[in-house]
Structure formats: structure tokens, C-alpha cells
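Just passing along the structure, written as C-alpha cells.
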Amino acid sequence: MPNQCLVCSTPIEPFHSFGRMPIANGFLLPEQFASEYFFELKVAHCPACGMVQLTEHVDREKMFHENYAFYSSTSKRMAEHFEQLAEDVRTRHLGGKDPFVVEIGSNDGITLQHFAGAGIRHLGIEPSANVAEVARGKGVQTVCRFFDEALAREIVSEHGQADAFLGANVMCHIPYLHSVAAGIRLLLKPTGVLIYEDPYLGDIVEKTSYDQIYDEHAFYFSVASVSHLFGAHGMEVVDVAPQHVHGGSMRYVIAHKGARPVSQAVERQRAKEHSLGLHQPATYKHLSRNIERSRDELMKLLRELKHQGKRVVGYGATSKSTTVTNYCGITPDLVEFISDTTPIKQGKFSPGVHIPVKPYAEFASRYPDYALLFAWNHGEEIMAKEGAFVAAGGKWISYVPKVAVL
Ligand code: SAH
Ligand code: TMP
Ligand code: ZN
């Protein structure tokens with residue numbers, strides 16, 4: 001029995017399996033190796049509504065809990081990005097009296113802190129208790145729950161409807177999207193706006209950035225598939241804006257149907273998706289071949305460097321790197337350790353292949369010959385501050401959009 005589309009129930013067409021995969025953010029200690037959880041990471045395309053999605057889903061409680069490893073505010077660039085978003089929402093979308101802003105996946109308060117600071121009524125919905133606690137410490141009102149339609153009803157009866165509903169890198173995490181969309185419809189005032197952003201399918205196809213594909217990302221959105229989803233809930237996409245962050249994201253602005261004028265950018269982006277072939281199965285066959293080629297080229301390079309006796313260290317123990325290391329088979333004999341600034345990851349081992357994760361000081365105190373840029377989406381920020389590494393003869397290895405020594 002083939003899998004059915006989580007949005008429109010049509011049988012979906014799997015196009016690439018990455019094989020046995022652990023939890024992307026499941027950094028662990030040696031005593032946990034024996035009980036490590038694995039699932040098959042496989043992606044499929046829905047020929048009817050265009051939604052690209054995983055075929056198997058990890059229980060949400062296994063991914064989002066009191067030891068969630070991803071703290072949004074570790075990246076300065078992202079902090080600036082979300083400060084701008086908050087500013088944009090405040091100036092363009094909060095006209096009325098006593099406005100109310102709701103955000104899902106509010107994490108450590110990276111965005112809502114700007115509303116809290118301005119005394120604007122807000123509510124963060126964040127099921128991972130550790131990051132939710134950091135947000136509360138910043139004065140951000142946070143409910144430690146998973147958002148769905150039932151919670152939306154509770155919020156409406158307790159706080160009333162919202163002027164703006166935000167979500168960054170979270171909508172694609174939620175398999176039960178119909179419940180989420182129904183909840184947003186209830187929660188938004190007639191003039192309210194939903195603004196959310198996630199890694200964009202068009203960028204994944206164009207750059208072969210297959211490392212965006214991991215357990216937390218149940219969906220890979222396009223303007224076409226998002227329009228279809230929210231259209232089924234009486235809402236429509238009124239604007240879209242490509243974002244440079246996270247290696248290429250799309251911001252969707254969505255409102256109740258007919259409530260706002262639809263920007264020409266929406267149709268323009270849909271036409272672009274059509275010319276990219278995002279609606280065609282052949283595009284995904286091609287992507288699958290490109291993914292295999294990327295893996296083969298990266299492994300060839302790493303094996304050559306090992307043969308030459310070079311030291312290679314990973315830079316950034318990203319969730320994305322879990323797909324790359326496990327799919328390619330990058331083991332500690334090829335990459336000595338991964339440097340990461342997040343305390344909760346340090347001293348642990350990377351999921352599946354068990355490469356040690358060490359504090360940044362280990363990188364800076366004894367530069368390797370090569371740094372494998374697992375955090376390629378923060379590449380500009382990182383390379384700008386690592387001039388001394390390059391001056392000391394160090395080289396960067398990247399694999400998006402192509403495997404290359406930079
Ligand atoms: N918005 C932040 C965090 C993204 S990580 C940023 O862009 O940096 C995704 C976050 O969504 C995690 O903190 C996770 O705990 C949260 N999350 C996962 N499922 C959720 C759900 N159903 N409702 C609300 N938040 C959810
Ligand atoms: P992300 O790609 O999911 O945002 O994760 C980035 C990871 O990279 C996070 O664990 C922090 C780490 N990192 C560094 O170690 N050094 C850096 O300079 C940056 C920007 C990120
Ligand atoms: Zn579908």
C-alpha cells in the first residue's frame with residue numbers, strides 16, 4: 001500500500017531514500033549508542049497537490065523535548081533576521097488597538113523578545129521546555145505545548161484572536177498540517193495575517209541541498225503546495241518573499257480569502273516554480289541522481305585527504321549534517337571531530353556515525369588542514385570571522401551547491 005499525501009490523500013511517489021537515519025538533533029553519549037533510534041529517511045512527491053514530504057515520521061516527543069539541542073539565538077545573523085521580521089510585522093501589520101501576536105516554534109524567544117520589549121501582547125507556543133525556559137527568562141510569554149486546532153481554540157477563548165501569527169522553520173515540522181491550518185483560521189482576526197517561512201523546495205532542487213531533508217522536516221514547501229493547503233481552509237497566499245537564510249527559504253504571507261490584495265509576487269513565483277519543473281516527477285528523479293553524485297564526490301575527496309594524511313574537522317554540528325554524515329558514511333576516521341559553539345552538543349557524539357562534538361576552542365587552538373563546512377548556510381558569517389584559519393593555510397570544504405575546496 002503506497003503512502004498517501006498528508007495533505008490531499010493521493011498516493012505519493014517516493015524519489016529518494018537516504019537509508020537508515022537517526023534523529024538529526026539526537027546528539028548523544030556513548031552509553032546511549034546501543035539504544036539509538038533509527039528510521040528510514042525517504043522523500044516523496046505528491047503528483048496531485050505538489051507537496052514534497054517524508055514517507056515516515058518520527059514521534060514528535062522524540063524530537064522536541066526538554067533537551068532540544070537547537071537554540072535559535074546561537075547565530076547572530078539569524079538574530080538580526082528575526083529582529084527585522086519583528087520590525088516589519090510591527091510597522092506593517094499591527095495597526096489596531098492592543099494588538100496580539102502569536103508565534104509557534106518560538107524557541108528561545110529570538111523573535112518575540114522584540115514584541116515583549118515593546119510591551120506588545122504576545123504568546124509563544126514552544127513544546128521544547130529547555131528553550132521555552134530561556135524565552136521566559138527574556139520576558140517572553142511562552143506556553144510549553146504543541147500547537148494544533150484544539151490549542152488554538154483555548155488561546156482564542158483565553159486571549160482573543162490574533163493580528164499576526166508567526167512561524168519560522170516550524171510549519172514544515174508538523175505532519176498534522178490540516179489541524180494547524182484550521183487552528184490558524186480560528187485564531188486569526190478577519191484582518192489578521194499569517195507570516196511564516198521555511199526552507200524552500202526550489203532552492204533544494206536548484207542547489208542539491210539535500211541536507212535540508214531530515215526527520216524534523218516533514219514537508220518541503222513550494223508556493224504551489226502552500227496555496228493548495230491554505231486554500232482548503234478558506235485562506236490564500238497574498239505575498240511571498242525569498243529569504244537568504246538557512247540556505248534559501250521562502251516567506252509566505254497568508255490571509256483570510258479576499259481580505260487582502262494579492263501581490264504579483266505570488267504569481268511570479270508560481271511561474272518560476274513551473275519553469276523549474278517542480279510539478280514534474282522527472283525533476284525529482286534528476287534531484288535523486290544529483291544527490292548520489294554529491295555523495296560520491298564528497299566521499300572521494302575525504303578519502304583522498306585521509307590518504308594524504310590531512311586533518312579534516314567539521315565546522316558546525318548542524319541538524320543538517322546528520323543527513324550528510326549518515327547518508328555518505330562519514331565516520332570519525334575521515335572527520336576527526338565537529339566544532340560547535342552550542343554547549344548542549346559539546347562532549348557528545350553526532351547521531352548515527354558518532355563523530356565527537358567539541359567546543360570551538362579545540363578548532364581554534366589547533367587548526368586542521370581542512371574544515372568541512374557543515375554549517376554552510378551560515379557560510380558568509382563563518383568565513384568572515386575565520387580569516388586567521390585561512391591565513392594559517394586552512395581550507396574550507398563545502399558541498400552545496402557543489403562539492404568543492406574553497
Ligand atoms: N523559530 C525558530 C525555531 C525553529 S526550530 C527559528 O527559526 O530559529 C523548530 C521549533 O519548533 C522547535 O523549537 C520545536 O520545539 C518547535 N515545534 C515543533 N513542533 C511544534 C508544534 N507543533 N507547535 C509549536 N512549536 C513546535
Ligand atoms: P543551524 O544550521 O541549524 O542553524 O545550526 C548551526 C549550528 O552551527 C549550531 O549548532 C551552532 C553552530 N555554529 C557554530 O558552531 N559556529 C558558528 O559560527 C555558527 C554560525 C554556528
Ligand atoms: Zn497531495
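Computed over heavy atoms, backbone and side chain alike; hydrogens, waters and symmetry mates excluded. One-based numbering, in listed order, for ligands and for the atoms of each.
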Note: ligand 2 atoms sitting under 4.0 Å from heavy atoms of G316 are 8 (O)
The closest protein heavy-atom partner of atom 19 (C) of ligand 2 is I382 CD1, 4.1 Å
Mark the output for I174 as yes if a heavy-atom distance to ligand 1 is under 4.0 Å, and as no if none is.
yes
Does NE2 belonging to H244 count more than 12 external heavy atoms closer than 6.0 Å? no
*asked:* Under a plain distance cut-off of 3.5 Å, with no hydrogens placed, do Y37 and Q32 share a side-chain donor-acceptor pair?
replied: no
task = Return yes or no for this condition: an N or O of G105 is under 3.5 Å from an N or O of ligand 1.
result = yes
the protein heavy atom lying closest to atom 2 (C) of ligand 1 turns out to be S72 OG, 3.2 Å
Which of I291, L41, L298, D211 passes side-chain contact (heavy atoms from CB on, under 4.5 Å) with Y327? Answer is I291
If we number the atoms of ligand 2 from 1 as shown, the ones under 4.0 Å from a heavy atom of K320 are 2 (O)
> Are there more than 12 heavy atoms of other residues, nucleotides or ligands under 6.0 Å from atom NE2 of H279?
Replying inline: yes
With heavy atoms and a 4.0 Å threshold, my read on which part of Y360 contacts ligand 2 is neither
**Prompt:** Would a distance-only check, ignoring hydrogens and angles, find a side-chain to backbone donor-acceptor pair under 3.5 Å from N326 to T322?
**Reply:** yes
Is it true that the NZ or CZ of R311 lies under 6.0 Å from the centre of Y370's six-membered ring and within 45 degrees of the ring axis?
no
The atoms of ligand 2 lying under 4.0 Å from a heavy atom of K345, numbered in the order shown, are 9 (C), 10 (O)
Numbered in order shown, the ligand 2 atoms found under 4.0 Å of a heavy atom of T342 are 9 (C), 10 (O), 11 (C)
F349 and V357 have their tightest heavy-atom pair at C-CG2, 4.3 Å
Give a yes or no on whether atom 21 (C) of ligand 2 lies under 4.0 Å from any heavy atom of the protein. no
Out of T341, T318, N25, the nearest non-hydrogen contact to atom 7 (C) of ligand 2 is supplied by T318
Residue, atom and distance of the protein heavy atom nearest atom 23 (N) of ligand 1 read F147 N, 2.9 Å
Atom 7 (O) of ligand 1 has as its nearest protein heavy atom N169 ND2, 2.8 Å
Are E236 and S227 side-chain neighbours, meaning at least one heavy-atom pair lies under 4.5 Å?
no
Looking only at distances, please establish whether an N/O atom of ligand 1 is found under 3.5 Å from an N/O atom of E103. no
Task: Within-cut-off N or O pair, E126 and ligand 1, under 3.5 Å - done: yes
| message | Within the structure, is a non-hydrogen atom of M78 found at a distance of less than 4.0 Å from ligand 2? | response | no
Going by the 4.0 angstrom heavy-atom rule, the piece of Y71 near ligand 1 is neither
With a 4.0 Å cut-off on heavy atoms, is Y71 touching ligand 2? no
Among R77, K385, E386, K76, closest by heavy atom to atom 18 (O) of ligand 2 is K385
field: Axial cation check for F337 ring with K358, 6.0 Å and 45° limits
entry: yes
Taking only non-hydrogen atoms of Y176 and a 4.0 Å limit, the atoms of ligand 1 in range are 22 (N)
Using heavy atoms and a 4.0 Å limit, tell me yes or no: is Y196 in contact with ligand 1? no
Note: ligand 1 atoms sitting under 4.0 Å from heavy atoms of S128 are 15 (O)
Atom 26 (C) of ligand 1: of S106, G124, A129, P127, the nearest heavy atom sits on P127
Less than 4.5 Å apart, any side-chain heavy atom of D215 and any of F39?
yes
For residues N25 and E216, is any side-chain donor paired with an opposing acceptor at under 3.5 Å? yes
With a 3.5 Å cut-off and no angle check, do the side chains of Y196 and E103 form a donor-acceptor pair?
no
*Checking K285 against F15: charged group under 6.0 Å from the ring centre and within 45 degrees of the axis?*
no
Ranked by distance from atom 9 (C) of ligand 2, the top protein heavy atom is D340 OD2, 3.5 Å
*Is the shortest N/O to N/O distance between A168 and ligand 1 below 3.5 Å?*
yes
So the atoms of ligand 2 within less than 4.0 Å of a heavy atom of H246 turn out to be 4 (O)
among protein heavy atoms, the one nearest atom 4 (O) of ligand 2 is H378 NE2, 2.8 Å
*asked:* Just so I know, are the side chains of M171 and I184 near enough to count as touching, which here means a heavy-atom distance under 4.5 Å?
replied: yes
A student checking ligand 1 against F70 at a 4.0 Å heavy-atom cut-off should list atoms 5 (S), 8 (O)
Original post:
Quick one: does N377 get an N or O within less than 3.5 Å of an N or O on ligand 2?
Top reply: yes
Modelled atom types, side-chain donor and acceptor of E386 and Y315, under 3.5 Å = yes
Check: For the residue pair F64 and H173, does the interplanar ring angle fall in the parallel (under 30°), tilted (30 to 60°) or perpendicular (over 60°) class?
Finding: tilted
Result, protein N, O or S atoms below 2.8 Å from the Zn ion (ligand 3), excl. waters, equals 4
Item checked: Whether over 12 other heavy atoms sit under 6.0 Å from E292 CD -> yes
of all protein heavy atoms, closest to atom 3 (O) of ligand 2 is F70 CE1, 3.5 Å
* E304 versus K300: any side-chain heavy-atom pair under 4.5 Å? -> yes
### Message
Can you confirm, on distance only, whether ligand 1 has an N/O atom lying under 3.5 Å from any N/O atom belonging to N107?
### Response
yes
Taking atom types as modelled and ignoring hydrogens, do the side chains of E36 and H354 form a donor-acceptor contact shorter than 3.5 angstrom? yes
Using modelled atom types and a 3.5 Å cut-off, is there a donor and acceptor pairing between side-chain atoms of R136 and backbone atoms of T142?
yes
Plane angle bin for Y360 and F363 - parallel if under 30°, tilted between 30 and 60°, otherwise perpendicular = tilted
When distances are taken from atom 5 (S) of ligand 1, the protein heavy atom at minimum range is Y68 OH, 3.6 Å
